[in-house]
Amino acid sequence: MNEEIEILPELEESEDFSNLGLSEEVLRAVLEKGYEKPSPVQAQAIPLVLKGRDIIAASQTGTGKTAAFALPILTLLKQNGPLRCLILEPTRELAQQVEKAFHVYGKYTDLKTTLLHGGVGYGKQCDDLKQGVDIVVATPGRLLDHLGRRTLSLEQVNFLVLDEADRMLDMGFMPDVRRIIGQCAKKRRRSMLFSATLVPEIESVAAWVLHNPFRIAIGGGTATAETVTHAIYPVDERQKFDLLVAILKEIDYRSVIIFCRTKNGADIIARWLENTDHKTAILHSDRSQKERDKAMEGFKSGKVEILVATDIVSRGIDIMEVSHVINYDIPQHREDYVHRIGRTGRMNNEGDAVTLFTASDQDFLKNIEKFIGQKIERIKLDDFDYKWTPILEEVKPQPKRRNRGFSGAISMNLGRKRR
Ligand code: AMP
């Protein structure tokens with residue numbers, strides 16, 4: 001581990017927002033939003049960013065990381081000027097969400113924030129850049145296009161945020177991210193790395209980005225949200241879809257995300273669900289931006305109760321009402337498990353996560369359990385006509401107990417009404 005990194009102990013109790021050193025304008029927006037107390041990651045990160053420190057912050061999903069960097073940055077930027085802050089996001093949906101948050105938290109400042117991502121025209125983006133912006137929230141590909149066209153310069157960027165930092169620094173994004181950071185100010189640049197899954201190795205990978213950083217670790221960096229109940233449903237490969245339909249019938253869901261491994265798989269599952277009278281929306285990277293926006297809007301507004309998606313929505317997407325996450329396909333990357341199930345149980349709400357598990361998924365499951373440091377409960381659905389598979393043998397019989405909706409063998413609260 002990098003020896004320069006200082007680690008903060010977790011605070012016993014969060015302070016009040018008004019004691020953190022935020023500007024009046026930012027404080028007013030926060031209070032108007034109805035936040036009463038800073039979350040632990042906010043209570044730790046805000047004073048450090050205000051002091052000008054670089055940070056690496058690991059905090060469970062849905063714990064208010066966006067405000068943890070947005071509020072102090074808006075405070076420090078103070079007034080309209082050149083482009084000084086760059087936030088990099090791995091997906092368009094996340095970039096949209098974070099840009100919106102900057103507008104909400106910055107509404108009483110005259111700071112300008114704009115969004116740069118692919119899949120849409122350049123017109124509005126170029127107009128915004130020409131008029132002058134203080135903060136850019138971007139995905140790497142489109143940002144590089146703009147740099148190539150010289151429609152913006154990063155020379156004065158001295159606040160850099162890598163959100164979902166482990167994703168931004170993985171092999172796929174790293175070359176683009178290096179090129180982008182290479183164009184930001186070097187002297188006096190403050191850099192911040194945020195994610196729910198920051199394993200210690202990331203610190204050496206990120207050493208070139210950071211200067212003498214503080215490390216904030218809330219929940220250990222690999223922890224699943226405490227408010228999410230999760231379980232594994234072993235099943236024969238050929239019965240996966242039937243089990244999914246049976247689970248959907250049993251649970252008292254308000255809003256559910258079903259994760260599939262591939263885009264094609266997501267399309268097929270969505271089509272099959274439509275055939276079984278479930279209204280669905282689909283979100284993956286082969287859909288047009290219009291279709292992606294429509295799917296997200298329909299799901300967020302509650303018009304559509306089921307969103308079938310790939311890992312494109314596994315990180316960061318904040319929809320308070322998601323009651324259930326179903327991993328139709330188990331995630332192949334262990335950290336995606338934490339992110340996926342973190343789409344429910346946000347900000348201390350309760351949520352349930354279900355993972356279908358077949359014999360060929362054994363290594364993935366082992367890896368996930370090692371990563372989160374716990375064995376996940378195996379559950380067999382009563383009244384489902386299982387075909388035999390060796391993995392079912394491992395499921396211990398559950399004590400019979402009534403649990404709204406389920407006729408017995410289940411210890412999860414899948415059937416409960418919440419909130
Ligand atoms: P994030 O982890 O940034 O996606 O935030 C998760 C959710 O928590 C968002 O809906 C925020 O609006 C909300 N939130 C952030 N900070 C607070 C806070 N201090 N009190 C209550 N809600 C908050």
Side-chain angles (χ1 to χ4, degrees), residues 10-11 13-22 26-47 49 55 57-75 87-107 113 135 137 161-167 192-198 216-219 221 223-228 255 257 296 299-302 312-323 325 335 338-351 419:
E10 282 196 32
L11 295 182
E13 204 171 296
S14 302
E15 294 179 59
D16 208 74
F17 270 113
S18 54
N19 299 331
L20 293 177
L22 296 169
V26 170
L27 204 52
R28 197 171 149 204
V30 167
L31 297 179
E32 199 174 290
K33 184 92 176 99
Y35 299 169
E36 285 166 8
K37 269 177 168 245
S39 68
V41 68
Q42 292 164 356
Q44 296 204 358
I46 292 171
V49 178
I55 54 173
S59 176
Q60 291 160 356
T61 54
T63 52
K65 287 193 284 286
T66 314
F69 58 80
L71 305 181
I73 287 175
L74 288 163
T75 295
I87 323 282
L88 286 179
E89 298 287 345
T91 66
R92 297 173 191 172
E93 282 73 16
L94 210 41
Q96 289 169 347
Q97 184 176 297
V98 169
E99 188 232 14
K100 263 195 204 128
F102 266 88
H103 283 292
V104 171
Y105 301 139
K107 68 192 277 196
T113 304
I135 301 152
V137 184
V161 178
L162 299 188
D163 199 9
E164 304 299 334
D166 51 336
R167 178 78 184 96
M192 294 151 236
L193 270 55
F194 282 82
S195 187
T197 48
L198 278 177
I216 298 171
I218 291 164
T224 52
E226 279 149 18
T227 48
V228 181
S255 169
I257 304 182
M296 200 48 127
F299 187 62
K300 275 190 172 171
S301 68
I312 203 166
V313 293
S314 66
R315 282 175 182 261
I317 298 296
D318 179 44
I319 308 172
M320 279 296 185
E321 307 305 321
V322 176
S323 58
V325 163
E335 61 281 359
V338 175
H339 289 284
R340 283 184 185 186
I341 75 168
R343 292 318 98 220
T344 182
R346 309 205 35 92
M347 265 289 165
N348 292 329
N349 283 332
E350 289 172 347
R419 289 180 284 266

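Counting starts at 1 for both ligands and their atoms, following the listed order. Predicted model, so just to flag it, every value in this text is computed and none were measured.
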Atoms of ligand 1 less than 4.0 Å from [X] heavy atoms?
{"X": "K65", "value": "1 (P), 2 (O), 3 (O)"}
{"X": "T63", "value": "2 (O)"}
{"X": "K37", "value": "18 (C), 19 (N), 20 (N)"}
{"X": "F17", "value": "19 (N)"}
{"X": "D318", "value": "4 (O), 6 (C), 7 (C), 9 (C), 10 (O)"}

Checklist entry - Shortest non-hydrogen contact from T75 to L22? => result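 Heavy-atom minimum between the residues: OG1-CD2, 3.5 Å.
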Checklist entry - Out of A70, G316, G64, A196, whose heavy atom is nearest to atom 2 (O) of ligand 1? => result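 Going through A70, G316, G64, A196 one by one, G64 has the nearest heavy atom to atom 2 (O) of ligand 1.
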Next on the checklist: Tell me the contacting part of T66 for ligand 1: side chain, backbone, both, or neither, using a 4.0 Å heavy-atom threshold, strictly below.
Outcome noted: both
Checklist entry - Given that the side chain starts at C-beta and the backbone is N, CA, C, O, which of these parts of Q42 lies under 4.0 Å from ligand 1, counting heavy atoms, or is it both or neither? => result side chain
Item to check | Evaluation steps, side chain to side chain contact (heavy atoms under 4.5 Å, CB included), between R315 and T91 | outcome: CA-CA 9 Å; R315 282 175 182 261; T91 66; over 6 Å; no
Next on the checklist: A67 versus ligand 1: do any nitrogen or oxygen atoms come within less than 3.5 Å of each other?
Outcome noted: no
Next on the checklist: Between ligand 1 and E36, is the shortest N or O to N or O distance under 3.5 Å?
Outcome noted: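 The answer is no, given that E36 and ligand 1 share no N or O pair closer than 3.5 Å.
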How long is the gap from [atom1] on [X] to [atom2] on [Y], to the nearest 0.5 Å?
{"X": "I73", "Y": "Y105", "atom1": "CD1", "atom2": "OH", "result": "12.5 Å"}
{"X": "Q96", "Y": "E93", "atom1": "CD", "atom2": "CD", "result": "5.5 Å"}
{"X": "I216", "Y": "L193", "atom1": "CD1", "atom2": "CG", "result": "11.5 Å"}

Next on the checklist: With side chain to side chain contact (heavy atoms under 4.5 Å, CB included) as the test, pick out the partner of V161 among T66, I87, L88.
Outcome noted: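 Among T66, I87, L88, the one meeting side chain to side chain contact (heavy atoms under 4.5 Å, CB included) with V161 is I87.
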Next on the checklist: I'd like to know if K65 and D318 make a salt bridge, using a cut-off of under 4.0 Å between side-chain N and carboxylate O.
Outcome noted: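 Salt bridge: no.
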